[in-house]
Every structure is written in structure tokens, then in C-alpha cells.
Chemist: 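The structure that follows is given in the form of C-alpha cells.
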Amino acid sequence: MSAEVSGTDLTQVVALLAAGVVAVPIFKRAGLGSILGYLTAGLVIGPFGLRVFSDPQAILHVAELGVVMFLFIIGLEMQPSRLWGLRGEIFGLGTLQVGICAALLTLAGRLGGFSWAQSFVGGAGFVLTSTAIVMQLLEERGDIAVPKGQRIVSILLFEDLMIVPLLAAVAFLAPGGSETTLSERLTEVGIGIAAIVGLIVAGRYLLNPFFRILADARAREVMTAAALLVVLGSALVMQLSGLSMAMGAFLAGVLLSESTFRHQLEADIEPFRGILLGLFFLAVGMSLDLAVVAQDWRLVAVYVVAYMVAKAFGIYIVARLLRTRHEEALERAVLMAQGGEFAFVLYSSAAAVGIIDARANSVLTAIVILSMVLTPLAIVALRRLGPRDEQSLSDVEVADGLTGSVLIIGFGRFGQIVSQPLLLRGVDVSIIDNDVEMIQAAADFGFKVYYGDGTRLDILHAAGAGRARAVLVCVDKPETAVRIAELLKAEFPLVTVLARAYDRGTALQLIHAGVDYQLRETFESALVFGGSTLEALGVDPEDVADTIEDVRRRDDARLDMQLSGDIRDGRNFLQGNIATPVPAPLAQPRQAGRALSEETADMLRNPQDRTSPS
């Protein structure tokens with residue numbers, strides 16, 4: 001019997017892993033994202049699909065730890081000073097958005113004929129956006145650290161805090177009055193505040209010494225266990241005090257964000273986070289009760305649309321009132337228009353005190369889950385059908401009639417450094433770039449940069465490429481650099497063109513395009529770095545210079561062979577770190593070189609025997 005049960009459990013584990021492994025790559029390849037893949041896979045293997053699982057709620061409770069660990073990792077990236085800088089967005093923007101959206105959603109419930117209490121509970125639950133879905137989408141797009149992503153994170157944090165007053169409101173709205181007295185409710189709020197303060201104090205004064213003691217033990221598995229203990233312990237403290245588990249994990253992450261153990265903690269938690277977060281989405285997909293949807297499909301369909309539209313409208317209005325750009329406001333409205341996992345807790349509490357019955361609880365839960373399923377699709381639709389995110393050219397001058405003797409195209413980190421020797425020598429330099437934010441930031445540092453796309457021939461004429469003595473192509477995208485070089489040499493064949501190359505392949509393309517000079521962006525810095533390393537090992541500076549010059553000439557010889565052949569040619573000029581023959585000698589003698597001294601060569605072969613230089 002035990003073997004049979006064990007086999008059944010193993011079958012379910014295999015089914016969970018197989019569902020995710022099969023569905024996610026398919027949905028990502030189709031451009032629909034990993035979240036929708038997990039949700040669909042969960043529906044397929046759940047009680048209303050292949051029936052591999054009959055109780056998705058049991059899995060959902062375990063899988064919520066994935067959300068907890070995700071918030072811990074986000075907290076590790078958020079220093080306390082940075083979080084304090086977001087206090088306006090958390091309590092200002094968060095309060096305004098939650099308040100307006102709750103009012104609109106409550107009104108939507110009343111228009112459907114439900115009581116005020118039922119309408120408020122249904123709407124308030126839907127206000128709590130899915131932290132897991134939004135954070136995952138932001139992470140996949142790399143938007144968590146950018147300002148628009150930080151504003152969304154701030155709102156999510158405020159919504160997590162709102163679960164406590166909303167649960168108190170549910171108890172207050174219970175039919176026939178609530179058995180909970182005012183003093184008891186105030187006590188619950190006090191416990192929540194005390195838990196937050198206690199966690200902050202413990203994190204500030206205990207966590208770093210705790211991890212330092214464990215690190216001295218040099219037991220990696222103990223550090224991993226300690227990382228899990230901190231995350232889950234913080235979540236448990238918050239849960240016992242009536243707050244969100246995710247909020248506790250986030251605070252623990254913030255408190256450890258400036259710790260010397262931060263990167264190790266992140267590496268220890270990351271594998272658990274990824275698996276459990278995927279499991280969470282699978283469990284949400286399993287929880288969709290298709291029988292309820294089929295029985296009340298009109299009601300479910302109407303309120304999925306009504307709630308999502310009302311919430312998106314409220315989010316958009318708040319964003320525009322605070323002077324957010326239309327594109328960002330629309331994107332935020334679509335991204336946050338769904339309900340979230342905390343709605344399940346709120347609806348269960350409302351059902352327990354009699355505000356809604358079991359059928360209404362199932363319907364509202366189905367509405368929330370469907371909104372979570374529709375969010376990735378809405379994001380895809382916005383990306384494909386919505387307005388393009390065009391840059392505003394206010395306070396930015398477009399390139400026209402420029403007369404500089406040198407034209408720099410692209411003013412990123414490379415172009416900024418390139419400009420310095422020219423400007424220090426008094427060279428008349430014109431600069432164009434197509435990144436408005438960079439142009440505005442450059443102005444704060446004393447640079448006049450004009451807006452212009454170097455891949456357009458009319459812009460090159462307006463920027464004075466035909467009149468310049470030299471044009472410097474400093475853009476970072478390889479294909480863009482090659483395109484600009486081809487245009488310049490075709491339209492202005494007498495102008496000297498110097499170009500930044502992303503890598504060796506781009507350098508070969510630029511040479512074929514006819515540029516007068518090209519440089520791989522990391523080549524010179526890497527040579528300096530390698531030479532400094534040799535000097536740090538005690539090698540004589542003259543020997544270092546000879547070695548670096550030898551590397552240069554071997555690289556030139558290899559490049560010459562690749563120009564007449566392909567990228568694989570010239571490998572015999574490279575020195576590998578496995579047992580290989582000595583690299584081929586160069587045809588030309590070393591001009592300024594001399595052989596390394598026997599002492600230096602022996603020292604490099606056996607660095608452990610080297611004594612410290614005097």
C-alpha cells in the first residue's frame with residue numbers, strides 16, 4: 001500500500017515538472033510568455049483537465065512560498081535608502097490608486113444588483129493585484145530597476161500592506177455585526193506594527209552577525225539552510241501577525257541588501273524561487289473551477305470584463321492625474337488590471353463571516369483567476385496593437401545645419417570618452433544621438449547633443465557629415481554601426497570614417513564597408529588590464545610592453561587572414577591554455593621586442609614560487 005501511495009505521489013511530481021517543461025518553451029516561442037504557459041499547463045493537469053490532481057489548494061499553499069522567495073530577492077536589490085526614496089510612490093501613488101480603483105469596482109458590483117457589502121468585498125479583493133504575475137512580467141522585460149517599474153513595485157508593496165485593514169473591514173461588515181470589538185481590532189493593528197518594527201530591529205542588528213558566524217563555519221549547506229530560515233521565518237512572523245508573508249520576506253531582503261553576504265544569499269535562494277514560483281502559477285491554473293464558469297458563464301464573463309476595464313480605467317486616470325506619460329499610464333493599466341492571489345484570502349474570510357456564500361466565493365475566485373490568465377494576453381495585444389512608445393522631443397534640438405569638423409554619432413559611454421581628447425584640443429565637435437533621455441542627461445554635464453538617427457541619409461546630411469573632416473561612429477549596436485558606415489562611405493566617399501566595433505565579426509564587416517579605422521570596443525582596455533596583471537605578478541614593465549606588442553601584431557595577422565577567409569582562420573596565432581603547439585611565428589620580426597628573460601618566464605610558469613618584489 002505504501003509503495004502504491006509513493007508511486008502516486010511520484011507520478012504527480014513528474015506530471016508537475018513535465019507540464020512546466022513542455023508548456024513554457026512552447027508559449028515563450030509563441031511570444032505569449034512563461035506565465036500563460038504555466039497557467040495553461042496547470043489547467044490541463046488539474047481537476048478539470050487530465051485530473052492528475054484533485055486538490056490544487058494544497059499545492060497552492062506550498063507554492064505561495066515561491067512568491068515569498070521572489071519578494072525576498074527583489075528586496076535584496078532594494079537598499080533601505082532607495083526604498084525610503086520611494087515612500088512618496090508607496091503611500092501617495094499607492095493610496096490614490098487603491099482608493100479610486102476600489103470605488104470604481106464597488107460601483108460595478110452595485111450596478112450588478114449586489115449589496116454594498118458584497119460589492120465592496122468583491123471589488124476590494126480585485127484591487128489587490130497579483131504580485132507574482134506583475135513581478136515576473138517586469139523581470140522578464142528587465143523593467144524592475146527602471147523608474148516606471150519602481151512605481152509599479154511601490155504600488156504592489158502598498159497593496160500588500162492593505163490586506164490587514166481589508167480583513168478588518170470584512171469582519172466589521174459581517175451580517176448582524178461582528179463579534180470583534182474595537183479594542184481587539186486595534187490590538188491586531190498594534191501586533192502588525194510591532195511585528196514590522198521587530199523584524200526591522202532584528203534585521204539591522206542580528207542578521208549580519210548571524211551570517212558572519214555561519215560563514216566562519218565554512219559549511220555551504222548551513223548557509224543555504226540559514227538563507228531559507230531567514231526568508232521563511234520572516235514570512236511566518238508576518239503571517240502570524242496578520243500581515244502578508246511576502247511583505248515579511250521583502251523586508252528581510254531589504255535589510256540584507258547592504259550585507260556582504262547579499263550575493264551568496266541570492267544564489268542560495270534563486271533555485272528554490274524559480275521552481276516554487278512556477279509551481280504557484282501551475283496551482284493557480286489548476287484552481288480554475290470550470291464547472292462554476294460553465295454554470296454562471298454570463299456572470300463570470302461580464303464581471304471579468306467589467307472588473308478589468310474598471311480597474312484599468314482607474315489606474316490610467318490616477319497615472320495621468322500625476323502627469324505620467326500616456327504610454328506608461330496605458331502600460332501600467334494593462335499590466336495591473338487583474339486580481340491577485342490575496343483576493344482568495346479576502347473572499348474566504350468574507351465567506352466565513354457570511355458576507356458572501358460559497359457559490360459567490362467560487363464565482364469571484366474564477367473571475368480573479370481568469371483575469372490573471374488574460375493579463376499576459378493583454379500585454380501581448382498591447383505590444384502588437386498599441387501605440388508605439390515614441391520619444392518626446394520637447395527641449396531637444398533636432399540635428400540641422402551642423403558644421404563641426406568632427407561628427408560623433410552615438411554619445412553613450414564610448415562616445416563620451418572619445419569626445420574628451422578632441423574637445424581638450426579645441427576641435428569643433430558636433431554630436432548626434434537618438435536617445436532623448438541621454439541627450440537631456442548630457443546637457444546637465446555641459447554637452448550639446450542633437451537628436452538624430454544616423455541610419456537615415458537625410459539626417460547625416462543635416463548633421464554635416466559631408467562637410468566634416470572625420471565622422472566617428474560610436475553606436476553600440478553592431479548592425480547599426482555597419483549600416484551607418486555603409487551609408488557614409490557610399491554617400492561621402494572622401495570623408496574619413498572611424499568606427500567602434502562591438503566584436504571581431506563586426507570589425508570585419510566594418511572593414512569590408514570601407515571604414516578608415518575600426519577598434520573593437522574592449523580590445524585596448526583588455527590589453528591594459530592584462531598588462532597590469534603581469535606587472536602585479538612581478539613581470540618587468542619592459543617585458544610587459546614587449547608581450548602586449550606581440551599580442552597586437554598576432555591579432556593583426558589573424559585579422560588579415562580572416563579578411564581573406566572566414567572567422568575561423570588564424571587560430572594558429574592564438575595561445576590557448578591547454579597542451580597545444582607553440583603559436584605560429586609571425587612573418588615579420590618583432591620590431592621593439594626582445595625575448596623574455598629566463599627568470600621572468602620561469603616565474604610565470606611557477607607563480608607560486610615567486611617571492612614578493614622588493
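All residue numbers refer to positions in the sequence shown, counting from 1.
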Chemist: Taking side chain as C-beta onward, heavy atoms only, is Tyr451 less than 4.5 Å from Asp433?
Modeler: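 Tyr451 does not reach Asp433 side chain to side chain.
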Chemist: Measure the spacing between CG of Asp543 and CD1 of Ile548 and express it to the nearest 0.5 Å.
Modeler: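 The CG atom of Asp543 sits 11.5 Å away from the CD1 atom of Ile548.
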Chemist: If you look at every heavy atom in Ala399 and Ala462, which pair is closest and at what distance?
Modeler: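 Between these two residues, the closest heavy atoms are O-CB, 3.5 Å.
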Chemist: Indicate yes or no: at least one non-hydrogen side-chain atom of Leu563 is less than 4.5 angstrom from one of Ile511.
Modeler: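 Yes, at least one pair of side-chain atoms sits under 4.5 Å.
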Chemist: Looking at Asp555 and Arg504, does any basic side-chain N land under 4.0 Å from a carboxylate oxygen?
Modeler: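 Counted as a salt bridge, because a side-chain N and a carboxylate O are separated by less than 4.0 Å.
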Chemist: Mind checking what makes side chain to side chain donor-acceptor pair (under 3.5 Å) contact with Glu521, not counting sequence neighbours?
Modeler: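 Listed in chain order: Arg500.
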Chemist: Could you state the interatomic distance from CD (Gln509) to CG (Asp503), rounded to the nearest 0.5 Å?
Modeler: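 Taking CD in Gln509 and CG in Asp503, the distance rounds to 8.5 Å.
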Chemist: Do you know which two heavy atoms are closest between Val427 and Ser405, and how far apart they sit?
Modeler: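 For Val427 and Ser405, the tightest heavy-atom pair comes out as CG1-OG, 3.7 Å.
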Chemist: Is there side-chain contact between Glu524 and Arg552, with heavy atoms separated by less than 4.5 Å?
Modeler: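 In contact.
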Chemist: Are Ile26 and Val24 close enough, and set up right, to give a side chain to side chain contact (heavy atoms under 4.5 Å, CB included), and what steps lead you there?
Modeler: CA-CA 5 Å; Ile26 293 174; Val24 171; over 6 Å; no
Chemist: Do Leu472 and Ile409 touch side chain to side chain, with heavy atoms closer than 4.5 Å?
Modeler: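 No - every pair of side-chain heavy atoms lies 4.5 Å or more apart.
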Chemist: Would a distance-only check, ignoring hydrogens and angles, find a side-chain to backbone donor-acceptor pair under 3.5 Å from Thr496 to Ala470?
Modeler: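 It does not hold such a pair.
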Chemist: How close do Ala499 and Val515 get, counting heavy atoms only, and between which atoms?
Modeler: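 Residues Ala499 and Val515, closest heavy atoms: CB-CG1, 4.2 Å.
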Chemist: Once rounded to the nearest 0.5 Å, what's the spacing between atom CD1 of Ile439 and atom NZ of Lys448?
Modeler: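 Atom-to-atom, Ile439:CD1 and Lys448:NZ are 9.0 Å apart.
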Chemist: Does any non-hydrogen side-chain atom of Phe447 lie less than 4.5 Å from one of Leu423?
Modeler: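 Leu423 reaches Phe447 side chain to side chain.
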Chemist: Between OH of Tyr502 and OG1 of Thr522, what distance do you get to the nearest 0.5 Å?
Modeler: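 It comes to 9.0 Å.
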Chemist: In plain terms, say whether Arg554 and Asp550 are close enough for a salt bridge, that is, a side-chain N and a carboxylate O under 4.0 Å apart.
Modeler: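 Looking at Asp550 together with Arg554, the answer is yes, because their closest N to O distance falls below 4.0 Å.
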Chemist: Evaluate the side-chain proximity of Leu508 to Leu559: yes if any heavy-atom separation is below 4.5 Å, no if none is.
Modeler: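 With C-beta onward as the side chain, the pair touches.
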Chemist: If you define the side chain from C-beta out and look only at heavy atoms, does anything of Val471 sit under 4.5 Å from Ile408?
Modeler: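 Val471 vs Ile408: side chains apart.
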Chemist: Can you see which heavy atom on Gly415 is nearest to which on Cys474, and at what distance?
Modeler: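 Smallest heavy-atom distance, with atoms named: CA-CB, 3.9 Å.
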Chemist: The test is salt bridge (charged side-chain N to carboxylate O under 4.0 Å, His left out); show your working for Glu327 and Arg332 and say whether it passes.
Modeler: CA-CA 9 Å; Glu327 293 80 12; Arg332 187 191 305 168; over 6 Å; no
Chemist: I'd like to know if the side chain of Arg467 and the backbone of Leu402 have a donor-acceptor N/O pair within less than 3.5 Å.
Modeler: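 Yes: the side chain of Arg467 pairs with the backbone of Leu402.
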Chemist: Quick check for you: to the nearest 0.5 Å, what is the distance between Leu407 atom CG and Leu460 atom CG?
Modeler: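 Between atom CG of Leu407 and atom CG of Leu460 there are 7.5 Å.
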Chemist: Check whether any side-chain heavy atom of Ile431 lies under 4.5 Å from a side-chain heavy atom of Tyr450, and answer yes or no.
Modeler: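 Sidechains of Tyr450 and Ile431: no contact.
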Chemist: On a heavy-atom basis, which atom in Phe411 and which in Ser419 lie closest, and how many Å separate them?
Modeler: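 Residues Phe411 and Ser419, closest heavy atoms: CE1-OG, 3.8 Å.
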Chemist: Just distance, no hydrogens or angles: give the donor-acceptor pairs under 3.5 Å from side chains in residues 476-492, sequence neighbours left out.
Modeler:
from, atom 1, to, atom 2, distance (Å)
Lys489, NZ, Val495, O, 3.2
Lys489, NZ, Asp516, OD2, 3.3
Glu491, OE2, His461, NE2, 3.1

Chemist: Can you tell me how far CG of Leu510 sits from OH of Tyr517, rounded to the nearest 0.5 angstrom?
Modeler: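 Interatomic distance, Tyr517 OH to Leu510 CG, rounded to 0.5 Å: 12.0 Å.
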Chemist: Looking only at non-hydrogen atoms, find the nearest pair between Leu335 and Leu137 and report the distance.
Modeler: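 Looks like CD1-CD1, 3.5 Å.
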